[in-house]
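The next block holds one structure in the form of structure tokens; read it before the comments.
Numbered from 1 within each chain, the chains take letters A, B, ... in sequence-line order.
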Number of protein chains: 2
Amino acid sequence: MGDVYKALADPTRRAILDELQDRSGQTLFELCVRLTGKGFTSSRQAISQHLAVLTEAGLVVVRREGRYLFIDLDTSPLRQIYDRWRVGPCESDT
Amino acid sequence: MGDVYKALADPTRRAILDELQDRSGQTLFELCVRLTGKGFTSSRQAISQHLAVLTEAGLVVVRREGRYLFIDLDTSPLRQIYDRWRVGPCESDT
DNA sequence: TTGACATGCAAGTAAACACTTGCCTATCGT
DNA sequence: ACGATAGGCAAGTGTTTACTTGCATGTCAA
């Protein structure tokens, strides 16, 4: 399985995760349109390659139906980050 | 300020954070020795450059005393990751 | 069946990145 | 003062990465 940290290193990939958190189950084409609308200039191919990285990292799950590719968010791989360096997410600041 | 995500993208930098979490306030030289002991082959210059990236990201704080450079861990910039994609770190799994 | 639509695949390019090399500065012990 | 120690700076190198370009595949509607 791929590297979650490396997957998060790119701003466009983070924007994809943001977009999927806002609306999971989007089509690749939808994703491209909405990212373009938010100022990202990435082409479809670029986004497709980013999705491959995110899928490798387990942050995204992909299912193909007909000619559509539906993309779902899975944030569970992020937990390893939370577990590795405990910043105390449950404790509030003083 | 630098990019926290990009700072975490490198395995050696993550090992530095691990090492500092185990013992914060280490010297650069100590850090080099202990990382070498754990199988990392990075030179002092390489580690110094990694520290610059970590410092830029706010994950590490550096103070110079005499000829020693003391390095302290600061995990607080990680909180932005926790806040961005809520994976529910406080809820236990079912 | 034909054409438009949604996506896949692969080679090439330019920039970013991690690391080395070589030398320089500053501090401490003796 | 002198040598040894701890670290800094900067140019050069090789690899990785993000992106483009061009074409191929598969699906649906008419």
Pairing of [X] and [Y] as salt bridge, 4.0 angstrom limit:
X      : Y      : value
D18(A) : R84(B) : yes
R14(A) : D3(B)  : yes
D10(B) : K6(A)  : no

Below 4.0 angstrom from OP1 or OP2 of [N], is there any side-chain N or O of [X]?
X      : N       : result
S43(A) : dT20(D) : yes
R44(A) : dT20(D) : no
R64(A) : dA6(C)  : no
S48(A) : dT7(C)  : no

Rounded off to whole Å, could you give me the [atom1]-to-[atom2] distance for the [X] and [N] pair?
X      : N       : atom1 : atom2 : answer
K6(A)  : dA18(C) : NZ    : P     : 10 Å
R67(B) : dA26(C) : CZ    : P     : 15 Å
H50(A) : dT17(D) : NE2   : C1'   : 10 Å
F70(B) : dT27(C) : CZ    : C1'   : 13 Å
Q26(A) : dT7(C)  : CD    : C1'   : 16 Å
Q49(B) : dG7(D)  : CD    : P     : 15 Å
Y5(B)  : dC17(C) : OH    : P     : 17 Å
E30(A) : dA6(C)  : CD    : C1'   : 12 Å

- Item | 5' precedence on DNA chain D between A9(A) and Y68(A) (nearest-nucleotide basis) |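 In this pair, the answer is A9(A).
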Side chain of [X] only, please: which of [options] is the nearest?
X      : options                   : result
F29(B) : dT7(C), dG7(D), dC28(C)   : dG7(D)
R13(A) : dG7(D), dA18(D), dT20(D)  : dA18(D)
Q45(B) : dG22(C), dT20(D), dC19(D) : dG22(C)

- Message: Are the side chains of E19(B) and E30(B) in contact, using a 4.5 Å heavy-atom criterion?
- Response: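 No - every pair of side-chain heavy atoms lies 4.5 Å or more apart.
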- Considering only heavy atoms from C-beta outward, does the side chain of V60(B) approach that of D72(B) to under 4.5 Å?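 Side chain of V60(B) against side chain of D72(B), heavy atoms only: no contact under 4.5 Å found.
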